[in-house]
**Student:** 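Quick one: the structure is below, questions incoming.
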Amino acid sequence: MIEVLQSWEEIGEATKELRRKKLPNHGLPEKNWDLTRLAAQIDPLPRDALIIDLGCGGLHGLRFLSAMGFTRLIGVDVSITLLDRAVQARRALRGRRVPFRLRRCSLLKTPFADGCADVVVALSVVEHGVDIPAFLAEASRLLRPGGALFVSTDYWPEPVAKGPDLFGMPWTVLDRKQLHYLIDESAKHGFRLEQSGPVPDVADRPVVWEGLEYTFVSVMFRKEGGHDV
């Protein structure tokens, strides 16, 4: 499954869809498109499916997944702070449900068991200088056979000027060649595209950030073997 954000109209429709379903909006309206694409893919899953968010950053994805009713969520990021973890600890001490677990570590080397996850999510992560083969290897290790890997990233078919470093990380909008590299490399790590097909054409640049204009793409992979989640 490969989907490309085509226009601001799609962003508006995504925002309305989240409001209609009483799901949290992202602080950046264009990111609502990513969230609706993710929701459409995982909504059929049982709510006790284990989901690992690699590169969970500001915790938007985890909060969204918790609002959808998923109860076994783990977030991984090097930017997780003591305050983030303290909030979770206070909830537990007060007898309240802890909506997700947090682990500060590299998303390329996590401490979790082989085949433990039903879904691995990476929202706006791989464009920040991530070693793609290492990322795919770790996602494959974490997923059980038949599990799903959902990736969203900044995209434009032709190369875009390199952006400034963001959040202490490099930033590059993936072009068509780099996107195909991600897809081709995934097969080496036991993945197949869900509903394989060509990368859709796109004409509009609905996303503007730090002086660059581009769009988003989302890709859904399956780990070979077993039954699909």
**Student:** May I ask you to check whether over 12 heavy atoms, not counting those of W8, lie within 6.0 Å of atom CH2?
**Tutor:** yes
**Student:** For G58, is there any backbone N or O sitting under 3.5 Å from a side-chain donor or acceptor partner on R63?
**Tutor:** yes
**Student:** Quick one: closest heavy-atom pair of P133 and D131, and the distance?
**Tutor:** CD-OD1, 3.0 Å
**Student:** Strictly distance-based, threshold 3.5 Å: is any side-chain N or O of H189 a donor or acceptor partner for the main-chain N or O of S140?
**Tutor:** no
**Student:** Give a yes or no answer on whether the side chain of E17 reaches the backbone of E13 with a donor-acceptor pair at less than 3.5 Å.
**Tutor:** no
**Student:** Can you tell me if E127 and T153 form a side-chain donor-acceptor pair at under 3.5 Å?
**Tutor:** yes
**Student:** Is it the case that the side chains of T15 and N32 hold a donor-acceptor pair, with the cut-off being a distance below 3.5 Å and no angle test?
**Tutor:** yes
**Student:** May I ask you to check whether over 12 heavy atoms, not counting those of K109, lie within 6.0 Å of atom NZ?
**Tutor:** no
**Student:** Group every Ile, Leu, Val, Met, Phe, Trp and Tyr by side-chain heavy-atom contacts under 4.5 Å, then state whether W33 and L28 land in the same group.
**Tutor:** yes
**Student:** Walk me through it: do V4 and F216 pass the test side chain to side chain contact (heavy atoms under 4.5 Å, CB included)?
**Tutor:** CA-CA 6 Å; V4 176; F216 294 148; over 6 Å; no
**Student:** Are W171 and D154 close enough that a side-chain donor and a side-chain acceptor fall under 3.5 Å?
**Tutor:** yes
**Student:** Go through the steps for R141 and D114 under the test side chain to side chain contact (heavy atoms under 4.5 Å, CB included), then give the verdict.
**Tutor:** CA-CA 5 Å; R141 185 189 71 79; D114 294 359; 2.6 Å; yes
**Student:** Using modelled atom types and a 3.5 Å cut-off, is there a donor and acceptor pairing between side-chain atoms of S152 and backbone atoms of S124?
**Tutor:** yes
**Student:** Go through the steps to decide whether V199 and H180 satisfy the test side chain to side chain contact (heavy atoms under 4.5 Å, CB included), and finish with yes or no.
**Tutor:** CA-CA 9 Å; V199 178; H180 277 295; 4.0 Å; yes
**Student:** In terms of side-chain heavy atoms, does T110 have a donor or acceptor partner in E138 at a distance below 3.5 Å?
**Tutor:** yes
**Student:** Evaluate side chain to side chain contact (heavy atoms under 4.5 Å, CB included) for L123 paired with F150, printing each intermediate quantity in order.
**Tutor:** CA-CA 8 Å; L123 302 173; F150 181 91; 3.7 Å; yes
**Student:** Are the side chain of Q178 and the backbone of D175 linked by a donor-acceptor contact shorter than 3.5 Å?
**Tutor:** yes
**Student:** Does R37 use its side chain to pair, donor to acceptor, with the backbone of S218 at less than 3.5 Å?
**Tutor:** no
**Student:** Give a yes or no on whether a salt bridge exists between D34 and K31, defined as a side-chain N under 4.0 angstrom from a carboxylate O.
**Tutor:** yes
**Student:** Measuring from atom CD of E185 to atom CZ of F191, what distance do you get when rounded to the nearest 0.5 angstrom?
**Tutor:** 11.5 Å
**Student:** Quick check for you: to the nearest 0.5 Å, what is the distance between D204 atom CG and Y214 atom OH?
**Tutor:** 14.0 Å
**Student:** Look up atom CG in L107 and atom CD1 in I52, then write down how far apart they are to the nearest 0.5 Å.
**Tutor:** 11.5 Å
**Student:** Taking all non-hydrogen atoms of both residues, which atom of V125 and which atom of L54 are closest, and how far apart?
**Tutor:** CG2-O, 3.4 Å
**Student:** Any Lys/Arg nitrogen of R104 or D77 sitting under 4.0 Å from an Asp/Glu carboxylate oxygen of the other?
**Tutor:** no
**Student:** For the residue pair R47 and F70, would you count it as a cation-pi contact if the rule is NZ or CZ under 6.0 angstrom from the ring centre and within 45 degrees of the ring axis?
**Tutor:** yes
**Student:** At what distance, to the nearest 0.5 angstrom, does CG of D43 lie from CE of M68?
**Tutor:** 4.5 Å
**Student:** Is it true that a side-chain atom of S106 and a backbone atom of L108 form a donor plus acceptor pair closer than 3.5 Å?
**Tutor:** yes
**Student:** Looking at R101 and D53, is any side-chain nitrogen of the basic one under 4.0 Å from a carboxylate oxygen of the acidic one?
**Tutor:** no
**Student:** If you compare all heavy atoms of C116 against all heavy atoms of A113, which two are closest, and at what distance to 0.1 Å?
**Tutor:** SG-O, 3.2 Å
**Student:** Run the numbers on K223 and D118 for salt bridge (Lys or Arg N to Asp or Glu O under 4.0 Å), then give the verdict.
**Tutor:** CA-CA 10 Å; K223 185 174 177 181; D118 298 296; over 6 Å; no
**Student:** If you take all heavy atoms of F221 and I183, which pair is closest and at what distance?
**Tutor:** CE2-CA, 4.3 Å
**Student:** Do you know which two heavy atoms are closest between L182 and L136, and how far apart they sit?
**Tutor:** O-CD1, 3.9 Å
**Student:** Identify whether the distance between the nearest side-chain nitrogen and carboxylate oxygen of R72 and D48 falls below 4.0 Å.
**Tutor:** no
**Student:** Locate the shortest heavy-atom distance separating A148 from L143; write the atom from each residue and the value.
**Tutor:** O-CD2, 3.4 Å
